[in-house]
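See structure below.
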Amino acid sequence: MDHREHLGTKFVLWVTSFMNLIEAKTHKMSQKLWIDAIDPRSGLPIRSKAGSSVFVETEDVPPLMPCCSVVTVGCCKIISHNVWKSRCLFGLCVTNAPPSVITEVLAAMAS
């Protein structure tokens with residue numbers, strides 16, 4: 001397993017725990033919770049049924065993250081972060097959970 005694959009696996013494990021904790025915190029809320037993440041190794045959703053297209057970081061990241069840009073290296077396009085350059089892996093999680101719950105869960109996971 002190469003380094004990028006290893007980081008992708010670590011992200012999927014982390015974000016799965018994050019999603020489970022968000023769901024546990026919000027299971028009694030009246031609002032219908034939606035949460036999913038993109039597996040950076042495949043570009044496909046982790047929980048939802050895959051659609052007809054995949055998340056392509058070189059197309060989808062720059063509009064979402066102004067601190068990143070697309071750089072052409074040889075025949076490939078890569079994401080470059082302003083600080084970490086190409087030494088980064090982009091992970092994406094989307095939810096309608098309240099920001100206070102997200103902050104609480106992230107703080108709990110960090111401790």
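For the pair D39 and I46, the minimum side-chain heavy-atom distance is below 4.5 Å. Between R47 and I35, the closest side-chain pair of non-hydrogen atoms falls below 4.5 Å. Within the 4.5 Å cutoff, side-chain heavy atoms of V12 are placed close to those of P40. Contact check for W14 versus C93: no side-chain heavy atoms found under the 4.5 Å cut-off.
For the atom pair CG of L89 and NE2 of H81, the computed distance is 12.5 Å after rounding to the nearest 0.5 Å. With values rounded to the nearest 0.5 angstrom, I22 atom CD1 is found 9.0 Å from M109 atom CE. Separating the OG atom in S80 from the NZ atom in K85 is a distance of 5.5 Å, to the nearest 0.5 Å. The OG1 atom of T26 lies 4.0 Å from the CG atom of L33; values are rounded to the nearest 0.5 Å.
Here the shortest heavy-atom pairing between D36 and P45 reads OD2-CB, 3.4 Å. Contact record, L44 with S53: CD2-O, 4.5 Å, taken as the closest heavy-atom pair. Scanning all heavy atoms of the two residues, the minimum distance from A37 to M19 falls at N-SD, 3.8 Å. The nearest pair of heavy atoms linking N96 to K32 is ND2-O, 2.9 Å.
Connection of L92 to F11 is not established within any shared hydrophobic cluster, with ILVMFWY side chains joined at heavy-atom distances below 4.5 Å, either directly or through further cluster members. With hydrophobic clusters built from ILVMFWY side chains whose heavy atoms lie under 4.5 angstrom apart, I38 shares a cluster with W34. With hydrophobic clusters built from ILVMFWY side chains whose heavy atoms lie under 4.5 angstrom apart, V15 does not share a cluster with V94. In the hydrophobic cluster analysis, where Ile, Leu, Val, Met, Phe, Trp and Tyr join through side-chain heavy atoms closer than 4.5 angstrom, F18 is grouped apart from L13.
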| field | I79 vs F90, side chain to side chain contact (heavy atoms under 4.5 Å, CB included): CA-CA, chis, key distance, verdict | value | CA-CA 8 Å; I79 297 293; F90 185 79; 5.5 Å; no

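Within 6.0 Å of CH2 in W84 there are 12 or fewer heavy atoms belonging to other residues, nucleotides or ligands.
The main-chain N or O of S100 is never found under 3.5 Å from a side-chain atom of T103 such that the two would form a donor-acceptor pair.
When each of R4, K77, R41 is checked for a salt bridge (charged side-chain N to carboxylate O under 4.0 Å, His left out) with E57, only R4 meets the rule.
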